[in-house]
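The block underneath contains the structure these notes are about, expressed in structure tokens.
It should be emphasised that the depicted structure is a prediction, and the values quoted were computed from it without experimental measurement. Numbering starts at 1 and runs along the sequence shown.
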Amino acid sequence: MGHFLSLNTFTLAELSALRLNGDISPAHEMWEESDDWRTRSWKVLSRELHPLVLTGLSAAWAHGVITEPSGHTASTITVHRIRAPKHLSLKIEQRNLLDTEMLINGHTGVTRPLRTITDLLRSQQHSSTDVTTAVVALMNNYGITYESIRSNLNSMPFYPYVRQALHRLEDLRN
């Protein structure tokens, strides 16, 4: 390994290879550069046959604000019917996602932080403690305001559990 790692000009693929080879570890200064939403979504979704994006707590984990959840959720971004996921701990959902609500790298991706927050606040599947932790961390890390979340939720009048999400948001604010 040695001195060549001080040259900080590696591509994401090269950094990922260095991680896989054990040339860099969590203690190394370049670890964070090689562990972002691209590598995390690829880790979970790369074996799937159709394009998917991580959602909910999985998206919060991919954004680096919480620890990895025991199971992952993802949404389809294809018109094809998807049977069973290849990744055993993956639950695939069908969400209406706009191109502006997700980040894509190849055929894997993640919902953007604001969409992740609104999905978490509307969620019926996660504990309120997990949701609160993820939402607050995303807000702090990405500078997302209560007003922008409220505005985003109000722009989704026909989505399920928006009223619940608005109440959760007010509880967080207080």
Just jot down the side chain to side chain contact (heavy atoms under 4.5 Å, CB included) partners of [X], sequence neighbours excluded, or say none.
X	answer
S46	W42
R112	L103
S155	N152

Ignoring hydrogens, what is the shortest heavy-atom contact between [X] and [Y]? Give both atom names and the distance.
X	Y	value
W37	T108	CZ3-O, 4.5 Å
I66	R40	O-NH1, 4.5 Å
A134	L120	CB-CD1, 3.7 Å
L138	H63	CD2-CB, 4.1 Å

Hey, which of T118, I117, L169, D130 is the one that makes side-chain contact (heavy atoms from CB on, under 4.5 Å) with V135? I117
Taking salt bridge (Lys or Arg N to Asp or Glu O under 4.0 Å) as the cut-off, I'd like each qualifying pair that reaches into [range], sequence neighbours left out, listed once.
range	answer
residues 119-129	R95-D119, R115-D119, D119-R122
residues 56-65	none
residues 57-73	K43-E68
residues 156-174	E147-R173, R150-E170

In terms of heavy-atom contacts, does CG of D99 have more than 12 from other residues, nucleotides or ligands at under 6.0 Å? no
Determine whether a donor-acceptor pair (N or O, by modelled atom type, separation under 3.5 Å) exists between the side chain of [X] and the backbone of [Y].
X	Y	result
E48	L45	no
T116	T111	yes
T132	T129	no

Would you give the length of the straight line joining atom CG of L121 to atom NE2 of H167, rounded to the nearest 0.5 angstrom? 12.5 Å
I need the I92 CD1 to S75 OG distance, nearest 0.5 Å. 9.0 Å
Who pairs with S128 by side-chain hydrogen bond (donor to acceptor under 3.5 Å, both in side chains), at least two apart in sequence or on another chain? none
Counterpart residues, side-chain hydrogen bond (donor to acceptor under 3.5 Å, both in side chains), relative to T145 (two or more places apart): S148
May I ask you to test the M139-I149 pair for a side-chain heavy-atom distance under 4.5 Å? yes
How would you list all residue pairs meeting ring-ring contact (aromatic ring centres under 6.0 Å, His included) that involve residues 102-124, not counting sequence neighbours? none
In the single-linkage hydrophobic clustering (I, L, V, M, F, W, Y; side-chain heavy atoms under 4.5 Å), do L166 and Y161 co-cluster? no
Please evaluate residues L90 and V44 with respect to the criterion side chain to side chain contact (heavy atoms under 4.5 Å, CB included), reporting the C-alpha separation (whole Å), side-chain torsions for both, the decisive distance (0.1 Å), and the verdict. CA-CA 8 Å; L90 181 64; V44 176; 4.2 Å; yes
Donor-acceptor contacts under 3.5 Å from residues 53-61 side chains, at least two apart:
| residue | atom | partner | partner atom | Å |
| --- | --- | --- | --- | --- |
| T55 | OG1 | T73 | OG1 | 3.1 |
| S58 | OG | H72 | ND1 | 2.9 |
| S58 | OG | T73 | N | 2.9 |

Identify, with sequence neighbours excluded, every residue that meets ring pair (Phe, Tyr, Trp, His ring centres under 6.0 Å) alongside Y159. none
